[in-house]
Amino acid sequence: MYLYGAIMLVALLIKTLVVGFIDSINQTTFATTLYLLSTKHPVKLTLFFILGIMFSFSLAEFLVYLGFGGFFFQIFTFSKDYEAWIGLFFGCAIIAIPFFYKGKKSKELKYLALDHPFKSLFFGAGLTLAQIPVTIPFLFLMQHLAHTVNIDVLPLFLITFNLIVTLPLWVLLGVYILFHEKATPFLKYVDTWVYKNSQNLLKFMLFLLGFVVILNAISYLFGNPLLPIYGN
């Protein structure tokens with residue numbers, strides 16, 4: 001029983017890493033970070049921008065978790081297959097996104113006047129909060145954690161997700177801190193690469209995640225789960 005619980009936690013951590021990586025592929029946050037690194041106060045402004053993103057994700061994580069885990073799942077009871085059916089629904093929604101998603105390839109954010117740390121903080125927080133309602137992988141992960149994980153274990157998943165979802169931005173900031181102006185060619189290369197390829201990478205990862213979620217949900221409903229993330 002303990003071994004099964006440990007395996008399930010590891011499987012959920014892997015799922016958290018994957019969803020965090022997918023949500024980190026955000027052209028707007030990349031563009032804003034690269035813009036901030038070209039300002040007069042690059043380190044401070046970028047740092048506050050990343051902290052704003054982490055604050056909003058943390059707030060949303062607790063609200064979704066408490067909403068489902070602290071209210072919805074405490075009042076309503078479902079069969080043991082309920083989570084798999086939810087997974088099937090979300091999997092279909094996730095796998096459909098690449099077929100309907102049309103991102104905007106725009107660099108107009110580079111002209112925003114984010115010239116104060118608090119402006120960067122609030123912009124990062126507001127940008128993230130505005131995007132969360134349509135961030136289906138994140139919502140799927142949080143309702144799953146609300147149905148599966150106790151609140152004393154929740155911080156492990158929240159910290160992991162926040163670190164992964166902002167990891168590319170931390171890397172860009174770290175490169176600038178280490179190399180300063182010498183990092184400019186690399187940052188320009190990243191800017192060009194993200195502008196050209198981020199949407200295709202995001203679509204591929206969404207399709208892959210949706211396929212795995214659907215496959216695992218169906219296999220669970222037939223009694224042979226690929227990953228033990230739906231409990232007994």
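Reckoned from all heavy atoms, side chains included, excluding hydrogens, waters and symmetry mates. Positions are given from 1, in the same order as the sequence printed here. Here the structure is a predicted model, which is why all the values come from computation and not from measurement.
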Visitor: To the nearest 0.5 Å, what is the distance between CZ (Phe204) and CG (Asn200)?
Guide: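 Rounded to the nearest 0.5 Å, the CZ-CG separation comes to 11.0 Å.
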Visitor: To the nearest 0.5 angstrom, please state how far the CG atom of Asn26 sits from the CG atom of Leu127.
Guide: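 It is 6.5 Å, given to the nearest 0.5 Å.
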Visitor: Just jot down the side-chain contact (heavy atoms from CB on, under 4.5 Å) partners of Phe89, sequence neighbours excluded, or say none.
Guide: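 Testing Phe89 for side-chain contact (heavy atoms from CB on, under 4.5 Å), a comparison that skips the adjacent residues, returns none.
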Visitor: Quick one: pull up CG in Leu187 and CD in Glu181 and give me the separation to the nearest 0.5 Å.
Guide: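 Between Leu187 CG and Glu181 CD, I get 10.5 Å after rounding to 0.5 Å.
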Visitor: Please report the interatomic distance CG(Asp23) to OG1(Thr128), rounded to the nearest 0.5 Å.
Guide: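 Reported value, rounded in 0.5 Å steps: 10.0 Å.
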Visitor: Give a yes or no answer on whether the side chain of Tyr65 reaches the backbone of Val149 with a donor-acceptor pair at less than 3.5 Å.
Guide: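 Yes, because the side chain of Tyr65 sits within donor-acceptor range (under 3.5 Å) of the backbone of Val149.
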Visitor: Between Leu163 and Leu167, is any pair of side-chain heavy atoms under 4.5 Å apart?
Guide: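 The answer is no, as the side chains (C-beta and beyond) never meet within the 4.5 Å cut-off.
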Visitor: Under the rule for side-chain contact (heavy atoms from CB on, under 4.5 Å), what residues qualify as partners of Phe211, not counting sequence neighbours?
Guide: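 Here the qualifying residues are Ile95, Leu215.
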Visitor: With rounding to the nearest 0.5 Å, note down the distance linking CG in Asp191 to CG in Leu34.
Guide: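 Answer rounded to 0.5 Å: 5.0 Å.
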Visitor: Please find the pair of heavy atoms, one from Phe30 and one from Ser24, that lie closest to each other, and give the distance.
Guide: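 Phe30 and Ser24 have their closest heavy atoms at CE1-O, 3.5 Å.
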Visitor: Run the side-chain contact (heavy atoms from CB on, under 4.5 Å) check on Thr33 and Leu173 step by step: do they pass?
Guide: CA-CA 8 Å; Thr33 299; Leu173 177 60; 5.9 Å; no
Visitor: With side chains defined as the heavy atoms from C-beta onward, is the minimum distance between Leu63 and Met142 less than 4.5 Å?
Guide: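 Leu63 vs Met142: side chains apart.
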Visitor: Specify the closest pair of heavy atoms between Ile22 and Pro137, including all atoms of both residues, with the distance to one decimal.
Guide: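 Heavy atoms of Ile22 and Pro137 come nearest at CG2-CG, 4.5 Å.
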Visitor: Scan for salt bridge (Lys or Arg N to Asp or Glu O under 4.0 Å) pairs involving residues 119-148, sequence neighbours excluded, and state none if there are none.
Guide: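 Qualifying pairs, neighbours excluded: Asp115-Lys119.
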Visitor: Can you sort out the partners of Tyr189 under ring pair (Phe, Tyr, Trp, His ring centres under 6.0 Å), two or more places apart, ordered by chain and number?
Guide: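 Expected list: none.
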Visitor: Could you grab the distance from atom CG of Leu17 to atom CD1 of Ile164, nearest 0.5 Å is fine?
Guide: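 If we round to the nearest 0.5 Å, Leu17:CG and Ile164:CD1 are 5.0 Å apart.
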Visitor: Strictly distance-based, threshold 3.5 Å: is any side-chain N or O of His116 a donor or acceptor partner for the main-chain N or O of Phe118?
Guide: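 Yes, because the side chain of His116 sits within donor-acceptor range (under 3.5 Å) of the backbone of Phe118.
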Visitor: For side-chain contact (heavy atoms from CB on, under 4.5 Å), just list the numbers for Lys15 and Phe140, CA-CA rounded to whole Å, side-chain angles, deciding distance to a tenth of an Å, and then say yes or no.
Guide: CA-CA 10 Å; Lys15 182 178 179 180; Phe140 170 49; 3.2 Å; yes
Visitor: Looking at Ser198 and Ile25, what are the two nearest heavy atoms and their distance?
Guide: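 Between these two residues, the closest heavy atoms are O-CG2, 3.5 Å.
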Visitor: Quick one, Phe138 and Ile132 - any side-chain contact, counting heavy atoms below 4.5 Å?
Guide: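 Phe138 reaches Ile132 side chain to side chain.
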Visitor: Return all side-chain donor-acceptor pairs below 3.5 angstrom for residues 151-160, not counting sequence neighbours, or 'none' if the list is empty.
Guide:
from	atom 1	to	atom 2	distance (Å)
Thr160	OG1	Leu156	O	2.7

Visitor: Extract all donor-acceptor atom pairs below 3.5 Å that involve side chains of residues 36-58 and protein atoms in other chains or at least two apart in sequence.
Guide:
from	atom 1	to	atom 2	distance (Å)
Ser38	OG	Tyr35	O	2.6
Thr39	OG1	Leu36	O	2.6
Thr46	OG1	Pro42	O	2.6
Ser56	OG	Ala125	O	2.7
Ser58	OG	Met54	O	2.8
Ser58	OG	Asn162	ND2	2.8

